[in-house]
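Below, read A as the first sequence line, B as the second, and so on, with proteins coming before strands; counting in each chain starts at 1. Quick note: numbers below take in every heavy atom, side chains included, and nothing from hydrogens, waters or symmetry partners.
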2 protein chains.
Amino acid sequence: MAGHLQPIKLDSYRPLRELVCECIRQAITDGTFSPGERLMEIQLADEMGVSRTPVREAIRKLELEGFVVMIPRRGTYVADISIRDITEIYEIRACLDELAAGLAAERITDDELETLNRLLVEFGQYITAGDMEKIVEVDTAFHEVLYTASRNARLHSIINNLREQVTSIRGRSMSYPGRLNDTMNEHRILVDFIAARDVEGARNAARVHIENAEHTLMQSITPSR
Amino acid sequence: MAGHLQPIKLDSYRPLRELVCECIRQAITDGTFSPGERLMEIQLADEMGVSRTPVREAIRKLELEGFVVMIPRRGTYVADISIRDITEIYEIRACLDELAAGLAAERITDDELETLNRLLVEFGQYITAGDMEKIVEVDTAFHEVLYTASRNARLHSIINNLREQVTSIRGRSMSYPGRLNDTMNEHRILVDFIAARDVEGARNAARVHIENAEHTLMQSITPSR
DNA sequence: TAAAATAATATTGTATACACGATTTTAAAT
DNA sequence: ATTTAAAATCGTGTATACAATATTATTTTA
């Protein structure tokens with residue numbers, strides 16, 4: 001096993017299974033658990049200081065979200081992401097992000113537009129400062145506002161899920177030379193189209209952005225082949 | 001409570017939670033449980049002759065799939081579908097079915113194409129015979145082959161989930177005058193474009209089909225307003 | 001020594017027991 | 001009669017216990 005999990009702090013009012021689920025998901029996306037690694041219920045439960053019951057329910061959820069793979073009677077394994085997976089995910093995302101951008105161009109509020117512009121400025125500042133943690137935070141906030149502006153909660157959650165499925169490897173893509181600035185520029189273009197209420201322009205900008213992101217991700221995964 | 005559930009037959013090798021999950025999902029989609037109805041774990045467990053554990057895990061899954069809504073410490077309720085939900089779902093489906101049709105036009109095998117044509121013929125025969133059960137069966141098989149042909153398993157499962165979320169009310173849409181024949185014709189057009197490997201044509205046909213299905217569904221839900 | 005069979009162990013699947021919180025019912029007071 | 005408070009009831013949340021199965025280790029046999 002790669003690393004440790006911190007014990008669950010049950011200060012919250014939320015069900016344990018939720019906390020446990022987030023804890024394991026976090027551990028998967030931040031690399032504490034490696035792809036293919038086996039997750040054993042008793043071990044996880046002990047490390048987090050809870051019983052197997054909430055752990056099991058959390059694992060069921062993670063299975064649906066695609067973070068783990070369950071083989072009945074055999075156990076649970078951290079999902080391994082393949083080239084094929086990335087292709088599938090970005091095939092769908094190109095389509096859904098295009099949809100979301102078009103809807104946002106029609107439905108976004110002035111407040112949200114202002115927030116997007118502010119986040120873009122912050123994004124640039126953190127690139128200059130080289131603060132990776134903040135960059136990820138601002139990027140996440142940016143997409144959150146964008147997808148909210150589509151006014152389609154299901155669309156929002158489907159895209160979020162697809163995004164999360166590649167978070168474990170997105171780090172590599174972000175450290176790809178020049179990719180951060182490209183990302184910012186592509187976001188800038190997208191926001192400008194949305195601000196102009198140009199649906200077609202926004203859709204194209206979104207598609208281009210996703211296709212570039214996929215391309216970089218692929219490059220950073222298969223570096224020297 | 002509306003109706004009864006049959007006890008789970010554990011002839012199978014699959015985990016109980018899977019069987020229980022399908023049983024409850026079936027009961028929701030076929031109307032045994034009404035929207036808004038409360039689902040109580042002990043009661044469900046007793047009716048199916050199992051313990052609460054697999055029932056709970058099944059409910060977690062159904063929550064992720066959108067069939068039930070859980071309020072912590074309060075209970076589980078059958079999800080109620082609203083006009084807003086339908087709008088959201090079909091907004092996404094128009095986009096994803098378009099994608100799937102385009103991919104299928106590129107990737108379908110001759111065998112699959114043959115199957116689609118055969119299913120279309122059967123569809124027409126069952127319309128003439130007025131056999132609703134068989135119509136649903138053939139329709140499901142048709143879409144299954146189509147989405148498989150897209151060669152994108154995630155896309156397949158996302159669309160399937162969106163489809164299932166409206167199954168509880170799709171019955172009304174299917175009994176809408178003339179809709180079945182329209183459906184068949186639209187499928188015919190789609191298959192012809194796919195057979196001709198015409199990606200753009202297939203995409204358009206798919207979009208039109210979904211938009212029409214949504215329109216009919218809306219009509220049949222708000223009949224006299 | 002290698003392969004197969006059998007025993008031991010570990011882990012998942014399911015059931016049950018207990019704890020906590022919410023809701024409802026009942027009683028009392030205004 | 002209505003409102004409030006308290007207690008009882010009911011259901012979910014969590015923990016633990018038991019059963020079934022898969023894996024590993026060991027022993028036996030070729």
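Comment: Arg84(B) engages Glu88(B) in a salt bridge, judged by a side-chain N to carboxylate O separation of less than 4.0 angstrom. Under the 4.0 Å criterion applied to side-chain N and carboxylate O atoms, Glu65(B) and Arg25(B) are assigned as salt-bridge partners. Under a 4.0 Å N-O distance rule, the pair Glu137(A)/Lys134(A) qualifies as a salt bridge.
Position along DNA chain C of the nearest nucleotide to Val50(B) versus Arg74(A) favours Arg74(A) as the more 5'-ward residue. Nucleotides of DNA chain D nearest to Tyr77(A) and Arg17(A) differ in position, and the one nearer the 5' end is that of Arg17(A).
To the nearest angstrom, C1' of dT12(C) lies 8 Å from CD1 of Ile42(A). One interatomic measurement links the two molecules: CG of Leu39(B) to C1' of dG11(D), which rounds to 13 Å at whole-angstrom precision. When the P atom of dA15(C) is taken as reference, atom CZ of Arg56(B) falls 14 Å away, rounded to whole Å. Taking atom CD of Glu41(B) as the reference point, atom C1' of dA17(C) lies 15 Å away to the nearest angstrom.
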Requested in this report: I would like to know whether Thr32(B) and Asp30(B) meet side-chain hydrogen bond (donor to acceptor under 3.5 Å, both in side chains); could you show each step before the answer?
Outcome: CA-CA 6 Å; Thr32(B) 303; Asp30(B) 75 10; 2.7 Å; yes
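You won't find any donor-acceptor pair under 3.5 Å spanning the side chain of Arg52(B) and the base of dG11(D), going by distance alone.
Heavy-atom contacts from other residues, nucleotides or ligands closer than 6.0 Å to CD of Glu106(A) number more than 12. Within a 6.0 Å sphere centred on CD of Glu144(A), other residues, nucleotides and ligands contribute more than 12 heavy atoms.
Heavy-atom distances under 4.0 Å link DNA chain D to Arg73(A) of residues 57-73 of chain A, given in residue order.
Picking from dA15(C), dA17(D), dG11(D) the nucleotide with the shortest atom distance to the side chain of Met40(B) gives dG11(D). The side chain of Leu16(B) has dA15(C) as its nearest neighbour among dT12(D), dA15(C), dA15(D).
Distances shorter than 4.0 Å separate some side-chain N or O of Ser51(A) from OP1 or OP2 on dA15(D).
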